[in-house]
Amino acid sequence: MSERTGGTPPRTLAEALRTRDDDALAALLRTRPDLLSPVPNDLSQLATRAGTRASVMRALERLDRFTLQSAEALAASTDPAPYESLLALMTGDEGDARVEAALPRAVAALREQALIWGADDRLRLVRTAREILAPSPGHPSPTGLGPTVAEATAGMSPGRIQEIITTAGLPSTHDPVSAVAALSALFTDRTRMAALLDTAPPEALTVLDRLVWGPPYGEITSKPAPPVQWLRDHGLLLPTSTRTVVLPREAALHLRGGRAHRDAEPEPPAILPHPSTASAASAAVSRPQVVDSAAAAQAYTALETIEELAKEWNEGGPNVLRAGGLSVRDLKRTATALDVTEPVAAFWVELAYAAGLLAADGEADERFAPTPAYDQWPDLPPAERWARLATAWLGATRTAGLVGGQDSKGRTLAALGPDLDRGAAPEVRRHVLDLLASLPAGTAPDPESVLARLRWERPLRGAAAGRPEDLRARIAAWTLNEAEMLGVTGRGALSSHGRALIAPDAEAGGSGGSGGSMGAFPKPASRAATGADLPAAGLHAARALAPHLPEPLDHVLLQADLTAVAPGPLLRPLAETLSVIADIESRGGATVYRFTPASVRRALDAGQSASDLHAFLAAHSRTPVPQPLSYLIDDMARRHGHLRIGAASAYVRCDDEAVLDEILADRRSQGLRLRRLAPTVLAAQADPTTLLDGLRTMGLAPAAESAEGDVLVTRAHAHRTPPRTPPAPVPDGPPVPAPTLLGAAVRAIRAGDQAATVVRKTLPEPAGAAAPARGDLPRTTSAETLATVQAAALTGSALWIGYVNAEGAASQRVIAPVRVEGGFVTAYDHTADEVRTYPLHRITGVSELADDPA
């Protein structure tokens, strides 16, 4: 646990870091990657950067509750504090075996992150961390403790201090410092303090009970009640202003039994089964299979929903708002088309955008539309299509749950708009799935226990941990719902392909453990499934999902009520053709299609004939084609094309003059401004499309024709965006450095520290020259530099040099010259741990080392 086992104890954080080995330094840089940007020149710069407020606050935000409680207790203790004092603050007078067992791990975690330093007998909290966590009137500590006696009496008159100690039964002293020390000693002495409280009025003890666990401040009147006056006279309440008093820290700790926190939490809350499954200990062995089947069914529904969304926007989707994103009206229309609620529609839209399947086209009248990547996506196997969606969701920082809320300026957040990125989203999603994986297979978690675990692991993250506005808790709740909609979970439990998604190296379908606790310092198993590993994770998940997906069917069941039931997913050509002939009435395990006059006419407009439709239905129906459906098709085919529409502006021609007479007599045709040109021809002052729509609203079935008189087959015009890449995730702080970068950074910091701290010979300075400051580059003439370098090459000794590279960046280096020729020196560079060649004219100066570091 100690940073130094012997010798002189470190006096600064930089000295403490110098006692660490390379693995410990790498661990520090791994847990606090912001310290690497840019790579520090030496350990002193690393220590300085580790003590900045922004870096310390970032490190504190990533501590779990118990480690943070340990740091808060240390901030309320003396500086430095022995480990035994910290243990006493955490366990209290009665002791706590669980806290005693967990505290060494918490101290080790704080030391690893350079938030504390020093040996166990002199633990020091980094100054910035102490300023953040220590109790103060402006920033109350979560411990609920107030200032010490010395801090509370800093502005008090010496006479008043003497009155307090005299009233408390202490002998008067000759100076305020000794008086404050005597009062502090009284409050920290258990026996004498208990005797003093025994003389207190019962009402005074009631006042102390209200202040003991915080906040320690209270307001009083100019003439306080006798119990409060007794507490003031005996120093148990010390004034901080004319109307405010505070309970000193030493007195509060005595009343608390020596504990800094009311409840220490050394272990994370367990992930509990959902109440509906809590009694399923004797569940059937097939329950995991039930979960996988339910998740697979939902996964297929997710694929169909994305396809339906792309079809809805196939010819060009809604316009992009000027500020970016989808309007509320267009989101409602999309939700209606998908037959889902608006928040669910926002999730599907954002998921398609994150997967690179939808984007804005970038034109002057900008609209959303499918991307070219979507055209290849339907041709992939269903499991691979789902894996692409799942990996995009897992790594996306865009958070669909925020849609409809407001930003800091009170503006409504729109789907597909800006300001939806939250850097913490991927980490929270992965960790929620990790927590689900920690339960036995087939077990759904209690959502409240998941949120409680997250609050324990990151108590400082979010606006106010444990409240509805806590962002991490909201993302976790959304994750549970989104995972169910996407098919990562089934019936609330993590599926086998969900386990493969977060842990691709693990065997798919494993039980994931049998307990809900992951230890005091859990390490997410999905850490390997991030960044560049996501495609591999998706491949493993696709392989795990494929066996659970139903095989596409080549048939439907036609019914007499003009409906067709697809008892499962259909082959793509069958599904596409059927969606033209009929309208989808309901989705689910079995999709219901309904045949209507409009849908049959749509098929005829697309170039199908009545015989084609009859043959198609007979070939793909397991039941006989119902007579009402045959009549509907024949009737629409007989009427289809009976009227012909062309460009006059537009005209209507029909061999049946009576039909044209009916059209002219119908009031609904007045807006088309029709007139008879011939017994079988009407001319209109409307364009052909408007004329077609107008006659169809009158219940007719006209067909458009070309200039040659041929029937025009109308097909949907697909609109695509230019090639688009999926939106890049917005990182939540610096990324975790790769092992190669860590090793290089540690070597560079070590070498720079050696160059900055190496003992070197002092060169004689010219008369009147100022002594060089420590850390300045050495300065020697070109002749002195050449002579010193040549001598070092002959003797094999090391030198300390100043060097300016081609970009003008100056640095200090320790080199061992090997060869000097042609204006260059080839030397082993201790700074870079390799042999390098340096131009002599870029060396500002040299100095011999008192001791050869090699």
>> Checking the side chain of Trp117 only, and the main-chain atoms of Pro10 only, is there a donor and an acceptor separated by less than 3.5 Å?
In response: no

>> Between Leu103 and Ser70, is the side-chain contact (heavy atoms from CB on, under 4.5 Å) condition met? List the steps.
In response: CA-CA 8 Å; Leu103 188 59; Ser70 302; 3.4 Å; yes

> Do the side chain of Glu250 and the main chain of Val149 share a donor and acceptor less than 3.5 angstrom apart?
Replying inline: yes

> Within a strict 4.5 Å, meaning less than it, do heavy atoms of the Gln113 and Leu35 side chains meet?
Replying inline: no

> Is there a side-chain contact between Leu28 and Arg20, using heavy atoms and a 4.5 Å cut-off?
Replying inline: yes

> Which heavy-atom pair separates Val99 from Ala264 by the least distance, and what is that distance?
Replying inline: CG2-CB, 3.8 Å

> What distance separates Leu86 CG from Thr78 OG1, expressed to the nearest 0.5 Å?
Replying inline: 10.5 Å

> Can you pull the salt bridge (charged side-chain N to carboxylate O under 4.0 Å, His left out) pairs that have at least one residue in residues 73-83, sequence neighbours excluded?
Replying inline: Asp79-Arg124, Asp79-Arg130

> For Thr740, what residues pass the side chain to side chain donor-acceptor pair (under 3.5 Å) criterion, not counting sequence neighbours?
Replying inline: none

>> What verdict does the salt bridge (Lys or Arg N to Asp or Glu O under 4.0 Å) test give for Arg62 and Glu427, after you've listed the backbone C-alpha separation in whole Å, the side-chain angles of each residue and the deciding distance to 0.1 Å?
In response: CA-CA 12 Å; Arg62 303 192 73 84; Glu427 177 195 356; 3.3 Å; yes

>> Testing Arg458, Arg455, Glu267, Glu457 one by one against Arg65 for a side-chain contact (heavy atoms from CB on, under 4.5 Å), which residue passes?
In response: Arg455

> Can you find a pair of side-chain heavy atoms, one from Val825 and one from Ile843, that are under 4.5 Å apart?
Replying inline: yes

>> Contact between Phe66 and Pro459 at the side-chain level, heavy atoms closer than 4.5 Å - yes or no?
In response: no

> Do you know which two heavy atoms are closest between Val730 and Thr397, and how far apart they sit?
Replying inline: N-OG1, 3.0 Å

>> For the CG atom of Asp42 and the CD1 atom of Ile749, what is their distance to the nearest 0.5 Å?
In response: 8.5 Å

> Which atom names give the shortest non-hydrogen contact between Arg388 and Ala355, and what distance separates them?
Replying inline: NH2-O, 3.1 Å

> How far apart are the closest heavy atoms of Glu72 and Pro142, and which atoms are they?
Replying inline: OE2-CG, 3.2 Å

>> Can you confirm whether Arg53 is buried at CZ, in the sense that more than 12 heavy atoms of other residues, nucleotides or ligands lie under 6.0 Å from that atom?
In response: no

> Is any side-chain heavy atom of Leu253 less than 4.5 Å from a side-chain heavy atom of Leu89?
Replying inline: yes

> Side chain of Arg779, backbone of Gly845: donor and acceptor closer than 3.5 Å?
Replying inline: no

>> The criterion is side chain to side chain donor-acceptor pair (under 3.5 Å); which residues satisfy it with Asp34, sequence neighbours excluded?
In response: Ser55, Arg58

>> For Arg842, is the CZ atom crowded, meaning more than 12 foreign heavy atoms sit under 6.0 Å from it?
In response: yes

>> Applying the side-chain contact (heavy atoms from CB on, under 4.5 Å) criterion to Gln790, which one of Leu786, Leu794, Thr788 satisfies it?
In response: Leu786

>> Just verifying a value: how many Å separate Glu112 CD and Asp23 CG, rounded to the nearest 0.5 Å?
In response: 11.0 Å

> How long is the span from the CD1 atom in Ile132 to the CZ atom in Arg127, to the nearest 0.5 Å?
Replying inline: 13.5 Å

> Under 4.0 Å between a Lys/Arg side-chain N and an Asp/Glu carboxylate O for Glu61 and Arg472?
Replying inline: no

> Distance from Leu43 atom CG to Glu15 atom CD, nearest 0.5 Å?
Replying inline: 11.0 Å

> Taking all atoms of both residues into account, what is the closest heavy-atom pair of Val126 and Gly51, and its distance?
Replying inline: CG1-CA, 4.1 Å

>> Tell me whether Thr67 contacts the main-chain N or O of Asp64 through its side chain, where contact means a donor paired with an acceptor under 3.5 Å.
In response: no

> Any sub-3.5 Å donor-acceptor pair from Thr153's side-chain atoms to Met156's backbone N or O?
Replying inline: no

> Considering only heavy atoms from C-beta outward, does the side chain of Val818 approach that of Val835 to under 4.5 Å?
Replying inline: no

>> Ignoring hydrogens, what is the shortest heavy-atom contact between Ala75 and Leu125? Give both atom names and the distance.
In response: CB-CD2, 3.7 Å

>> Any non-hydrogen side-chain atom of Thr52 less than 4.5 Å from a side-chain atom of Thr128?
In response: no

> How long is the span from the CD1 atom in Ile801 to the OG1 atom in Thr844, to the nearest 0.5 Å?
Replying inline: 8.0 Å

> Please walk me through it: do Met90 and His261 pass side-chain contact (heavy atoms from CB on, under 4.5 Å)?
Replying inline: CA-CA 7 Å; Met90 295 298 296; His261 298 85; 4.3 Å; yes

>> Is there a side-chain contact (heavy atoms from CB on, under 4.5 Å) between Leu741 and Leu29? Walk through the geometry before answering.
In response: CA-CA 10 Å; Leu741 175 59; Leu29 298 176; over 6 Å; no

>> Would you say that Leu433 contacts Leu394 through its side chain, given a criterion of any heavy-atom pair below 4.5 Å between the two side chains?
In response: yes

> Do Leu133 and Leu74 pass the side-chain contact (heavy atoms from CB on, under 4.5 Å) test, and can you show the C-alpha distance, the side-chain angles, and the key distance before you say yes or no?
Replying inline: CA-CA 9 Å; Leu133 300 176; Leu74 200 57; over 6 Å; no

>> Go through it in stages, so that I can follow the logic: the residues are Arg249 and Ser77, the test is side-chain hydrogen bond (donor to acceptor under 3.5 Å, both in side chains), and I'd like the CA-CA distance, side-chain angles, deciding distance and then a yes or no.
In response: CA-CA 10 Å; Arg249 189 182 308 170; Ser77 183; over 6 Å; no

